[in-house]
Amino acid sequence: MIGAAVSRRLGPRGLPWVAGLWLVVLALSPLYGDNYIVKIATFVALYGVLALSWNFIGGYAGYPSFATGAFVGLGAYAGAICQNAGVPMIVAWLLAAVIVAAVAAAMGPVILRLRGHYFAIGSISLVEIGSVLASNWSSLTGGGEGLNVRFLPGGPDFIARFFLYAMLAILVAALATTLLVDRGRLGFGLRCIAQNEDAAEMVGVPSTRYKIAAFVLSGVFCGAAGAAYASWVGYIAPADAFSILLTVKVPVMVLLGGAGSVLGPLIGSAALVLLEETVWARFLEYHQAILGAIIVALIFFLPGGLLGLRLRWRS
């Protein structure tokens, strides 16, 4: 994989420095912009978390997962319900992450028996199942009317900065985990599974256990980010929390940056957010069609993602 090759070129010392510099740029966004810039930085951090999460199962293991929307929606509702029950906000986020991890661990042994497009269909069905449950379980989730979440007290500037740094904290945790996986036995085993799962099992790679671990990692940070997002916007509904569009956009981000690498998801998520904001502002009526064409063109001409350009230039 081209993204992984670029990561090896940077080396174990270069990756943390590049990622750390990017985190500093996001953290300093309140100093050189208004709340709009802070909002964009928060979305970049949010999508960075989701892209890094998907990269565990989709990038390293090569399983085309579309369960991101289910993890985010479950985390959003779990965090909102805990908050409304009187649980402190940050504790509610942690509980949401634990709940999503538990659900992913329970679903993993079942859904990971599927491969290829069968797994893709099975994973995207989790999003629809979550949306149906949230719509019909009105006594707990508010049903189709949605669920209000307690607002954080404070002015707009304080709230904008608080959730920026909250998303950055989750991003740092996801990035640190990615670095550990990338350089550890789990990352090596997942790459073997992506290349040839049957051959990996023959040489002693515990593929089932590794795949479940990757699936849980792909859910736990999504759950925390979903809970934080629910607290940020103050309202969630089934169609928004369990979003099919989101679950499709996240793999596009990773492929755009470079799948199976550390920096690829960060680059792809930032590039997609900036593309969205640029196209949305200039072509309001046709932004979805234009944005889709740009993304398809980039992925078609850059199969290794934006990180692949660096490797080609050095070659």
Side-chain angles (χ1 to χ4, degrees), residues 43-79 93 96-97 99-108 111-112 114 117 119-134 167 170-171 173-175 177-178 181 190 211-230 232-233 236-260 264-266 268-273 276 295 299 305:
F43 271 111
V44 170
L46 169 63
Y47 285 140
V49 172
L50 302 185
L52 286 171
S53 299
W54 185 89
N55 196 42
F56 290 118
I57 187 69
Y60 288 112
Y63 269 64
S65 174
F66 290 97
T68 302
F71 295 146
V72 172
L74 178 58
Y77 271 99
W93 299 351
I99 291 171
V100 173
V103 171
M107 293 297 299
I111 195 171
L112 288 168
L114 305 174
H117 56 277
F119 174 77
I121 295 172
S123 63
I124 203 170
S125 67
L126 297 178
V127 183
E128 289 298 325
I129 292 172
S131 180
V132 170
L133 290 176
M167 289 296 181
I170 301 173
L171 179 59
L175 181 59
T177 305
T178 301
V181 170
L190 292 176
K211 288 188 299 183
I212 293 174
F215 196 62
V216 171
L217 288 175
S218 73
V220 61
F221 297 110
C222 288
Y229 178 78
W232 183 27
V233 299
I236 52 174
D240 297 328
F242 297 93
S243 172
I244 294 292
L245 179 60
L246 175 66
T247 209
V248 173
K249 282 169 62 175
V250 172
V252 170
M253 296 176 197
V254 182
L255 295 175
L256 184 60
L266 298 179
S269 58
L272 187 62
V273 171
E276 281 186 327
I295 293 172
I299 294 177

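Counting heavy atoms from C-beta outward, Leu46 and Val273 have side chains that stay 4.5 Å or more apart. Under the 4.5 Å side-chain criterion, counting only non-hydrogen atoms from C-beta, Ile111 is in contact with Ser123. Looking at Ile99 and Tyr77, their side chains never come closer than 4.5 Å, going by heavy atoms from C-beta outward.
Nearest heavy atoms, Ser218 versus Cys222: O-SG, 3.2 Å. Listed here is the closest heavy atom pair of Pro251 and Ser65: CG-O, 4.1 Å. Shortest non-hydrogen contact noted between Ile236 and Ala76 is CD1-O, 3.6 Å. Pairing each heavy atom of Ala271 with each of Leu256, the nearest pair is CB-CD2, 4.0 Å. Closest approach of Ala96 to Gly75, counting heavy atoms only: CB-O, 3.5 Å. The two residues Met167 and Ala228 make their nearest non-hydrogen contact at CE-CB, 3.8 Å.
By the side chain to side chain contact (heavy atoms under 4.5 Å, CB included) test, Leu171 is found to be paired with Leu23, Leu26, Ala45, Val49, Leu52, Leu168, Leu266, residues two or more places apart in sequence or in another chain being considered. With sequence neighbours left out, the side chain to side chain contact (heavy atoms under 4.5 Å, CB included) criterion links Leu74 to Val100, Val103. Qualifying ring-ring contact (aromatic ring centres under 6.0 Å, His included) partners for Phe56, counting only residues two or more places apart in sequence or in other chains: none. Residues satisfying the ring-ring contact (aromatic ring centres under 6.0 Å, His included) test with Phe119, not counting sequence neighbours, are Tyr63. Take Ala101 and apply the side chain to side chain contact (heavy atoms under 4.5 Å, CB included) test, not counting sequence neighbours, and it matches Val216, Val220. In this view, Trp93 and Ser231 satisfy the side chain to side chain donor-acceptor pair (under 3.5 Å) rule, not counting sequence neighbours.
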Contacts table for residues 124-132: side-chain donor-acceptor under 3.5 angstrom, sequence neighbours left out:
{"from": "Ser125", "atom 1": "OG", "to": "Gly122", "atom 2": "O", "distance (Å)": "2.4"}

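Among residues at least two apart or in separate chains, salt bridge (Lys or Arg N to Asp or Glu O under 4.0 Å) pairs with a member in residues 238-256 are Lys249-Glu276. Within the structure, salt bridge (Lys or Arg N to Asp or Glu O under 4.0 Å) contacts touching residues 59-72 (residues at least two apart or in different chains) do not occur.
The environment of Tyr229 atom OH is sparse: at most 12 non-hydrogen atoms of other residues, nucleotides or ligands sit within 6.0 angstrom.
Checked by atom type and distance alone, the side chain of Thr68 never pairs as donor or acceptor with a backbone atom of Thr247 at under 3.5 Å.
Residue Phe66 holds its CZ atom at 12.5 Å from CD1 of Ile57, rounded to the nearest 0.5 Å. Taken to the nearest 0.5 Å, the CG atom of Asn55 stands 12.5 Å off from the CG atom of Leu50. Atom CD1 of Ile170 and atom CG of Leu175 lie 13.5 Å apart (nearest 0.5 Å).
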Full working for side chain to side chain contact (heavy atoms under 4.5 Å, CB included) between Leu246 and Tyr47: CA-CA 10 Å; Leu246 175 66; Tyr47 285 140; 3.7 Å; yes
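Taking the ring centroids of Phe71 and Trp54, they lie at or beyond the 6.0 Å cut-off.
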